[in-house]
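See below for the structure under consideration.
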Amino acid sequence: MSLNKKQVEKLESSGYRFVGSHNHAAAKICHWTKQSILDKGVCYKEKFYGIESHRCLQMAPAVPNCQQKCEFCWRDLSYTQTQWEGEYDDPKTIIDEAVKAQNNLLCGFFGNDKANKEKLEESKTPTNAAISLAGEPMLYPEIDELIAEFNRRNFTTFVVSNGQCVDKLKNLENEPYQLYLSLDAPTKKIYNDVCQPQISEGWDNLNQSLDTLASFNSSTCIRTTCVKGRNMTNPEKYAELIKKASPDFVEIKAYMCVGSSRHRLTPDNMPTFDEVKSFAQKIGENCGKKIVNESEVSRVVLLQ
């Protein structure tokens, strides 16, 4: 079931641009893409992995679809659908129109004297797809082909998954450049409280996906969003889960009180950078990983 006209209009007013004809895929300019064009800083992904912020396409093929309603999610969760229903657009159409939408959204910078003209010109041809804007991308029926099409166009792809589509992950023929699994709880109880799965087997699915992660040839990363007073506990249990997943990287990142999450949480739930770093060190000590990079402005540290 696609989003209705009112829901689409609300999202477009906040910067989304829907592509295709079935209102399930969208692109949105990332804050750091704009900052990079203005030479005011870059995303931590550029610092950590070399991804150029001004050439990053932030998009999603399954905006309304997710099996969880995480309380820290900045999105409006009222339209969340746990299963795919109805028709969908093909990968080529989604990518073609997403790039076009990105260019249209950035066109105003060409009249900005403060914009870096070289970066602005390069931004017309993005080279990385951050498939993480909204929803669970693995629910898009042609996610495998979407990754393949990005690969054919020489994009790097960062796919962020909640680990609920176990079979899809296991049978993925076209691997992304980097696969993220979100690990936002150390125990089943905290997972149920914080991630609020809309299906009964959520914790089991996540654990099966963690078991699968080590089989990937691509770069892999565990990402944890730290919510103060909610999931910043039991670092040794996080470490156990990380050890069995054996990821290349672990990102420990602070929850930010933005968007619709403000209706569910408060600024008091945002840990400081020092609190994030301290928690990351405890996790690292328990799983044999060390902090190798950090971005204070984004309140994120990288373990390896």
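Only a predicted model underlies this, so the values are computations on that prediction, with no experimental measurement involved. All residue numbers refer to positions in the sequence shown, counting from 1. Values reported hereafter were calculated over all heavy atoms of this structure, with side chains retained and with hydrogens, waters and symmetry mates removed.
Distance CG/N154 to OG1/T125: 11.5 Å, rounded to 0.5 Å. Within the model, atoms CZ of R264 and SG of C257 stand 10.0 Å from one another, a figure rounded to the nearest 0.5 Å. In this structure, CD in E52 is found 11.0 Å from OG in S123, a value given to the nearest 0.5 Å. In this structure, NZ in K237 is found 13.0 Å from CG in L183, a value given to the nearest 0.5 Å. The NZ atom of K289 sits 9.5 Å away from the CD1 atom of I222 when rounded to the nearest 0.5 Å.
Under 3.5 Å, the side chains of D184 and N231 contain no donor-acceptor pair of N or O atoms. A side-chain donor from one of K119 and S36 sits under 3.5 Å from a side-chain acceptor of the other. A side-chain N or O of Y44 and one of E251 form a donor-acceptor pair less than 3.5 Å apart. Inspection of the N234 and T187 side chains reveals no N or O donor paired with an N or O acceptor under 3.5 Å. Checked by atom type, the side-chain pair E236/N286 shows no donor-acceptor distance below 3.5 Å. If you check the side chains of D96 and T93, you find no donor sitting under 3.5 Å from an acceptor. Judged by distance alone, the side chains of R299 and T272 never bring a donor and an acceptor atom under 3.5 Å apart. For the residue pair Q196/Y191, the side-chain donor-acceptor check at 3.5 Å is not satisfied.
Of all heavy-atom pairs spanning D89 and Y140, the tightest one is O-OH, 2.6 Å. Contact detail for Q102 and L57: the closest heavy-atom pair is OE1-CD1, 3.6 Å. Taking every heavy atom of both residues into account, C287 and I242 meet most closely at SG-CG2, 4.1 Å. Nearest approach of V63 to Y79, heavy atoms of both residues: O-CE1, 3.8 Å.
Put simply, the side chain of V297 reaches to within 4.5 Å of the side chain of W32, judged on heavy atoms. Counting only heavy atoms from C-beta outward, the side chains of N205 and I199 approach each other to under 4.5 Å. With a 4.5 Å cut-off on side-chain heavy atoms, L265 and E71 count as touching. Between M59 and I94 there is a side-chain heavy-atom pair separated by less than 4.5 Å.
F279 and Y238 have their aromatic ring centers within a separation under 6.0 angstrom. Aromatic ring centres of F150 and Y177: separated by at least 6.0 Å.
Here the options are Q67, Q83, Q81, the test is side chain to side chain contact (heavy atoms under 4.5 Å, CB included), and the partner is L139; only Q67 passes. Checking each of E46, K34, K47 against S53 for a side-chain hydrogen bond (donor to acceptor under 3.5 Å, both in side chains) leaves exactly one that passes, namely E46.
Using a cut-off of 4.0 Å between Lys/Arg side-chain N and Asp/Glu carboxylate O, K277 and E294 are scored as salt-bridged. The pair K228-D268 fails the salt-bridge criterion, with no side-chain N (NZ, NE, NH1 or NH2) lying under 4.0 Å from an Asp/Glu carboxylate O.
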> Stepwise, does the side chain to side chain donor-acceptor pair (under 3.5 Å) test hold for K5 with N23?
Replying inline: CA-CA 9 Å; K5 185 179 178 182; N23 292 342; over 6 Å; no
> How far apart are the C-alpha atoms of D193 and R230, what are their side-chain angles, what is the distance that settles it, and do they pass the salt bridge (Lys or Arg N to Asp or Glu O under 4.0 Å) test?
Replying inline: CA-CA 8 Å; D193 290 345; R230 300 296 291 151; 5.2 Å; no
> Should F249 and Y49 be marked as a ring-ring contact (aromatic ring centres under 6.0 Å, His included) after you check the CA-CA gap, both sets of side-chain angles, and the distance that decides it?
Replying inline: CA-CA 10 Å; F249 303 103; Y49 313 113; 5.2 Å; yes
>> Test salt bridge (Lys or Arg N to Asp or Glu O under 4.0 Å) on R152 and E149; report intermediate values, then the result.
In response: CA-CA 5 Å; R152 283 192 284 271; E149 184 61 25; 2.9 Å; yes
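Remark: the backbone N or O of K10 is paired with a side-chain donor or acceptor of S13 at under 3.5 angstrom. Judged by distance alone, the side chain of S298 and the main-chain N or O of S295 form no donor-acceptor pair under 3.5 Å.
Taking the six-membered ring where the residue is Trp, F158 and Y180 present tilted rings, their angle falling between 30° and 60°. Between H22 and H24, the ring planes lie parallel to each other; the angle is under 30°, not in the 30° to 60° tilted range.
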Sequence neighbours excluded and cut-off under 3.5 Å, please list the side-chain donor-acceptor pairs for residues 127-137, or say none.
residue	atom	partner	partner atom	Å
N128	OD1	T156	OG1	2.6
E136	OE1	N162	N	2.7
E136	OE1	N162	ND2	3.4
E136	OE2	M138	N	3.1
E136	OE2	S161	OG	3.0

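Following chains of ILVMFWY side-chain contacts shorter than 4.5 Å, one cannot reach L302 starting from V250, and the two form parts of different hydrophobic clusters.
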